[in-house]
Number of protein chains: 2
Amino acid sequence: MEASPLNEIDDRRTIGFLLSDVARMMRAAFDRRVRRLGLTRSQWLVLSLLHRRPGVSQSELAEMLEVERAAAGRMVDRLERRHWLVRRPDRLDRRINRLYLTAEAEAVQAEMGCIAVELLDDAMAGLSGEEREALSEMLERVKAQLQGMAPRPAAPAPAPRPDLAP
Amino acid sequence: MEASPLNEIDDRRTIGFLLSDVARMMRAAFDRRVRRLGLTRSQWLVLSLLHRRPGVSQSELAEMLEVERAAAGRMVDRLERRHWLVRRPDRLDRRINRLYLTAEAEAVQAEMGCIAVELLDDAMAGLSGEEREALSEMLERVKAQLQGMAPRPAAPAPAPRPDLAP
DNA sequence: GGGCAATGGTAGCCTAGGCAACAAGAAGCC
DNA sequence: GGCTTCTTGTTGCCTAGGCTACCATTGCCC
């Protein structure tokens with residue numbers, strides 16, 4: 001690290017900036033490719049999630065997206081306003097909204113998935129298979145580290161992911 | 001029946017999601033650590049840039065941040081409103097605003113730099129030096145690839161101007 | 001039963017960024 | 001000179017997300 005030519009900007013080369021740059025550029029590229037469908041990357045993420053788990057609640061959605069409940073709620077607002085999904089009250093617990101895709105959303109969802117895969121392939125074109133493997137493995141480690149640094153809301157439950165099927 | 005043998009896309013493990021997750025978490029962690037100073041990560045980025053290049057124009061700033069001019073302009077608005085920087089008109093070109101840090105900003109800038117380095121160190125704690133090197137090298141390659149895919153302002157124009165010169 | 005804590009969802013305010021349209025100014029070209 | 005074109009910056013509208021405070025409902029515990 002002492003070897004870094006610190007005199008000027010090593011800055012933008014720093015992993016932190018690189019990470020945020022790459023993430024932003026990927027989101028932008030995705031949004032650009034799918035704008036004609038009237039959706040964004042984040043919205044597609046919700047759709048694809050709901051496709052595989054119809055009926056989740058907003059809180060569950062938020063947790064799966066790793067996002068605040070408020071943000072998830074607003075996302076649902078936007079998607080509902082455009083008829084990509086519907087909220088339906090839970091029978092037993094009147095606090096809960098259960099979320100279901102509309103037919104059109106189901107139709108579009110798959111197409112978006114293809115686009116996502118294509119984009120990822122394009123973006124990773126410069127990396128070999130092994131490198132991609134290594135990259136995602138390292139990113140997972142970094143993510144785990146960051147999760148450990150996050151402000152744990154309550155219980156630091158170590159392995160609370162047994163089975164969520166009711 | 002939490003999908004383990006699921007042929008569906010690995011979802012959250014996919015490099016794309018990992019990237020955006022990690023980037024978001026790093027930004028969040030940074031913001032959390034420096035909120036007491038009244039700044040965010042993005043704002044600090046501007047400050048540190050202006051520290052080393054006082055007098056840049058907004059367009060130059062936008063370019064260095066790799067962000068739209070509008071976004072940069074609003075960032076400058078916020079920072080000016082809180083007296084972290086000042087706009088000063090260029091003598092020769094009345095379109096241009098030149099940007100300069102205030103004294104307080106200069107003072108804070110360094111401290112934030114330390115926090116950034118600390119955070120990065122924490123986040124990367126699980127990676128060896130070589131791995132960090134490899135990671136940033138790969139990210140740079142991905143970024144270059146994405147830049148190549150971006151809508152180049154110059155060339156790709158399909159000549160939407162059917163020659164209006166008489 | 002009744003009270004209190006936890007949970008689910010919403011609304012308000014904030015930063016951050018994209019895209020598009022525009023005004024003012026500067027530059028280039030007759 | 002004047003006309004056209006490019007640049008710089010701003011504004012408006014949009015998504016996206018964080019944080020806080022708040023309401024309604026549920027559950028828990030006594």
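Here is the naming used below: chain letters follow the sequence lines, and residue numbers restart at 1 for every chain. Side-chain atoms are counted along with the backbone in the values below, which use heavy atoms only and exclude waters and symmetry mates.
When every heavy atom of B:A23 is checked against every heavy atom of A:S20, the shortest pair comes out as CB-CA, 4.0 Å. Shortest non-hydrogen contact noted between B:V142 and A:A123 is CG1-O, 3.8 Å. Minimum heavy-atom separation, B:L37 to B:W84: O-CZ2, 4.0 Å. Contact detail for A:A125 and B:Q145: the closest heavy-atom pair is CB-NE2, 3.7 Å.
Between B:E63 atom CD and D:dT8 atom P there is a gap of 9 Å when expressed in whole angstrom units. Taking atom CG of B:D21 as the reference point, atom P of D:dG17 lies 11 Å away to the nearest angstrom. As rounded to whole Å, 17 Å separates atom C1' of C:dC14 from atom CZ of B:R32. Atom-to-atom, CD of A:E68 to C1' of C:dG12 comes out at 14 Å; the value is rounded to the nearest Å. Here the C1' atom of nucleotide D:dG17 and the CZ atom of B:R27 are 7 Å apart, to the nearest Å. The distance between atom CZ of B:R33 and atom P of D:dG18, rounded to the nearest whole Å, is 18 Å. When rounded to the nearest whole Å, the span between CD of A:Q58 and P of C:dA11 equals 10 Å. Put simply, CZ on B:R69 is 10 Å from C1' on D:dT10, counting in whole angstrom units.
The stretch residues 72-87 of chain B touches DNA chain D through B:R74, B:R87, each having a heavy atom within less than 4.0 Å of the strand. Taken residue by residue, residues 88-121 of chain B places heavy atoms nearer than 4.0 Å to DNA chain D at B:R95, B:I96, B:N97.
A side-chain hydrogen bond (donor to acceptor under 3.5 Å, both in side chains) with A:Q58 is found for exactly one of A:R87, A:E63, A:R69, namely A:R87.
Distance from the side chain of B:Q43 is smallest to C:dT15 among D:dG9, C:dT15, C:dG9.
When the side-chain nitrogen and oxygen atoms of B:S59 are compared with OP1 and OP2 of D:dT7, none of them lie within a distance under 4.0 Å.
Taking a 6.0 Å sphere around CD of B:E133, one finds it holds 12 or fewer heavy atoms contributed by other residues, nucleotides or ligands.
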* To do: Kindly indicate, with the supporting measurements, whether the criterion side chain to side chain donor-acceptor pair (under 3.5 Å) is fulfilled by B:E104 and B:H83.
  => CA-CA 8 Å; B:E104 357 172 26; B:H83 309 100; 5.5 Å; no
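With hydrogens and angles disregarded, a donor-acceptor distance shorter than 3.5 Å links the side chain of B:R132 to the backbone of B:L127.
A:R94 has its side chain out of reach of A:D90: every pair of non-hydrogen atoms, C-beta onward, lies at least 4.5 Å apart.
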